[in-house]
Amino acid sequence: MLYYLFQYLDKVMDVPGTGVFQYITFRSSLALMLSLLLSTIYGKRIIGFLSRQQVGETVRELGLAGQNEKAGTPTMGGIIIIFATLVPVVLFAKLHNIYIVLLIVTTLWMGTIGFIDDYIKIFKKDKQGLKGIFKVFGQVGLGVIVGSVLYFSPAVTVRTDTGKVDIFKQTTETVVQPVSLEEKSTATTIPFFKNNEFDYAELLAWTGEGYEKWAWLVFIPIVIFIITAVSNGANLTDGIDGLAAGTSAVSVFALAIFTFVSGNIIFSNYLNIMYIPHSGEMTVFIASFLGALIGFLWYNSYPASVFMGDTGSLTIGGIIAVLAIAVRKEMLIPLLCGIFLVENFSVVLQVSYFKYTKKRFGEGRRIFLMSPLHHHYQKKGYHESKIVTRFWVVAIMLAILSIVTLKLR
């Protein structure tokens, strides 16, 4: 809202200095600082409220060191992340921007699903929480909304020829002349390849002429799959203090770089990457989200004063997935969110191998001492802080490698 106020003061009232609000970098900086303040200062009040409402974690007996000490720790801390993210976004972002609208919807949608799940676990005393089928329905519903908007909305366009057309026209002085070649497209980016655009519509080329108009039949299911997979991956990663929030913050920082350069025609031309008009505004949302995650770590680092619960983990996964899809970097998710992938894969491997060996040998056998993977290391005697720190280091390495793909092709 402040963006529109300062735009009025600049354009209509001609108040000196108010034009600075037009710059994404300035508004992103303000959003980051405000979200940090909100999550650290008001986070304590929210934790106090959760404690008074007896919103405590019910710990399952898993035989892990220090597990019993966590019983009664307030959960639903994802409310802090959601609150600290949305307030700065409402204040500093362009609320009419289609990408900002999508991200706000994603935050509230996934936050609601997670909240219902946590509510059932805590107040209905049902350790299973919201039934898996309903979670999937919610994730699919969001995928349909996001996929449909990105495919059908005329406000969502791309330009893939920034490396082929010289946008600088030499006259008596150097000026920037953007060439209007924006178009609707289901193209995405394939990392590590020089000519690295792939159009999902090509998967239907075998159907014959006019296949492009049916591209939504491929695009929307892919969006649904990515949102479901990443949100569940974040949910599984949330198992020990500071793990999900810390690794997510690293991934989000990398996405901020991708978003900023993809939404800036100068940088996208220099890097020879896909230019996505108006997507740069997502940088304001990302800055706010990043500040909220870092501020949440103030209370979630070991020993945690609050857990994010599904309210936070499902929201984090959903936001990261939508950001990656919107900026056409979803094929980088296995690398950028490698921690989520490994945690998810460890569970799939463990369950599959257990069922196979039980059927084959009459008794179930395990690959890991416990899954997800972070529990395996706990079983081996590693302290929580050591596990989390090392996972953070791996996440940073993966994020750096992801960023390097901007030039390493």
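All values reported here derive from a predicted model rather than from experimental measurement.
Looking at K329, E330, E197 one by one, the single match for side chain to side chain donor-acceptor pair (under 3.5 Å) with T188 turns out to be E330. The ring-ring contact (aromatic ring centres under 6.0 Å, His included) with F260 is formed by just one residue from the set F267, F285, F253, Y23; it is F267.
Two rings, from F368 and H375, have their centers 6.0 Å or more apart. A centroid separation of 6.0 Å or more is found between the aromatic rings of F92 and Y3.
Proximity of a side-chain donor or acceptor of S248 to a complementary backbone N or O of A245 within less than 3.5 Å is not detected. Judged purely by atom type and a 3.5 angstrom limit, S231 has no side-chain atom pairing as donor or acceptor with the backbone of G317. In this structure a side-chain-to-backbone donor-acceptor pair under 3.5 Å is present from W109 to G138. Y299 contributes a side-chain N or O that, together with a main-chain N or O of T40, makes up a donor-acceptor pair within less than 3.5 Å. In terms of modelled atom types and a separation under 3.5 Å, the side chain of R365 and the main chain of T357 share no donor-acceptor contact. At distances below 3.5 Å, not a single donor-acceptor pair connects side-chain atoms of W298 with backbone N or O atoms of L36. Under a 3.5 Å cut-off, the side chain of E343 and the backbone N or O of L373 do form a donor-acceptor pair. The closest donor-acceptor contact from the side chain of D238 to the backbone of A244 lies at 3.5 Å or more, if one exists at all. D118 places a side-chain N or O within 3.5 Å of a backbone atom of T311 that can act as its donor or acceptor partner. No donor-acceptor distance shorter than 3.5 angstrom exists from the side chain of N235 to the backbone of S313, with no hydrogens or angles considered.
Taking the six-membered ring where tryptophan is involved, the planes of W216 and F152 are tilted, since the angle between them lies from 30° to 60°. Below 30°, between 30° and 60°, or above 60°: for F361 and Y356 the angle between ring planes is above 60°, a perpendicular geometry. Between Y200 and F198, the ring-plane angle classifies as perpendicular under the 30° and 60° cut-offs. The aromatic rings of H96 and Y4 are tilted relative to each other, their planes meeting at an angle between 30° and 60°.
Side-chain atoms of D241 and V388, non-hydrogen and from C-beta on, never get closer than 4.5 Å to each other. Under the 4.5 Å side-chain criterion, counting only non-hydrogen atoms from C-beta, R366 is not in contact with Y353. No side-chain heavy atom of F354 sits under 4.5 Å from any side-chain heavy atom of I367. Looking at heavy atoms from C-beta onward, N344 lies out of side-chain contact with F340 at the 4.5 angstrom threshold. Residues I276 and R328 are in side-chain contact: their nearest non-hydrogen atoms beyond the backbone lie under 4.5 Å apart. With a 4.5 Å cut-off on side-chain heavy atoms, F289 and I316 count as touching. In this structure, T315 and T106 have side chains that are not in contact, with every pair of non-hydrogen atoms separated by 4.5 Å or more. Side chains of S148 and I220 form a contact here, defined as non-hydrogen atoms less than 4.5 Å apart.
In this structure, OG in S251 is found 13.0 Å from CD1 in I319, a value given to the nearest 0.5 Å. Here N300 contributes atom CG and I294 contributes atom CD1; the two are 13.5 Å apart, rounded to the nearest 0.5 Å. Note: T18 OG1 to D10 CG = 4.0 Å, rounded to the nearest 0.5 Å. Taking OG1 of T405 as the start and CG of L335 as the end, the distance is 7.5 Å to the nearest 0.5 Å. Summarising the geometry, atom CG belonging to L323 is positioned 6.0 Å from atom OG1 belonging to T259; distances are rounded to the nearest 0.5 Å. Taken to the nearest 0.5 Å, the CZ atom of F296 stands 9.5 Å off from the OG atom of S305.
For Y211, the OH atom is densely surrounded, since the number of other residues' heavy atoms within 6.0 Å is greater than 12. Heavy atoms from other residues, nucleotides or ligands lying under 6.0 Å from CZ of F193 number 12 at most. At most 12 heavy atoms of other shown residues, nucleotides or ligands fall within 6.0 angstrom of atom CZ in F225. The neighbour count for F123 CZ, taken as heavy atoms of other residues, nucleotides or ligands under 6.0 Å away, is above 12. Other residues, nucleotides and ligands contribute only 12 or fewer heavy atoms inside 6.0 Å of the CZ atom of F49. Within a 6.0 Å radius of NZ in K44, no more than 12 heavy atoms belonging to other residues, nucleotides or ligands are found. The environment of OH in Y382 is sparse: at most 12 heavy-atom neighbours from other residues, nucleotides or ligands sit within 6.0 Å. More than 12 heavy atoms of other residues, nucleotides or ligands lie within 6.0 Å of CZ in F192, so this atom counts as buried by the packing criterion.
Across all their heavy atoms, A254 and A399 have their closest contact at CB-CB, 4.1 Å. Contact detail for I273 and S262: the closest heavy-atom pair is CD1-OG, 4.0 Å. Scanning all heavy atoms of the two residues, the minimum distance from T389 to S385 falls at OG1-O, 2.8 Å. Closest heavy-atom contact between G233 and T237: O-OG1, 2.8 Å. When all heavy atoms of T85 and V89 are compared, the closest pair comes out as O-CG2, 3.1 Å. Closest heavy-atom contact between A84 and S288: O-OG, 3.4 Å.
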Show the numbers, then the answer: is there a side chain to side chain contact (heavy atoms under 4.5 Å, CB included) between I46 and M76? CA-CA 10 Å; I46 294 174; M76 284 191 181; over 6 Å; no
Check the pair Q139, M110 against side chain to side chain contact (heavy atoms under 4.5 Å, CB included), reporting the backbone distance first and the verdict last. CA-CA 8 Å; Q139 292 163 333; M110 296 304 291; 3.9 Å; yes
For V284 and E281: C-alpha separation, side-chain torsions, deciding distance, then whether side chain to side chain contact (heavy atoms under 4.5 Å, CB included) applies. CA-CA 6 Å; V284 179; E281 191 64 23; 3.9 Å; yes
If you apply the rule side chain to side chain contact (heavy atoms under 4.5 Å, CB included), what do you find for L150 with F219, and how did you get there? CA-CA 9 Å; L150 291 178; F219 181 72; 3.9 Å; yes
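Among pairs with a residue in residues 88-111, none fulfils salt bridge (charged side-chain N to carboxylate O under 4.0 Å, His left out), at least two apart in sequence or across chains.
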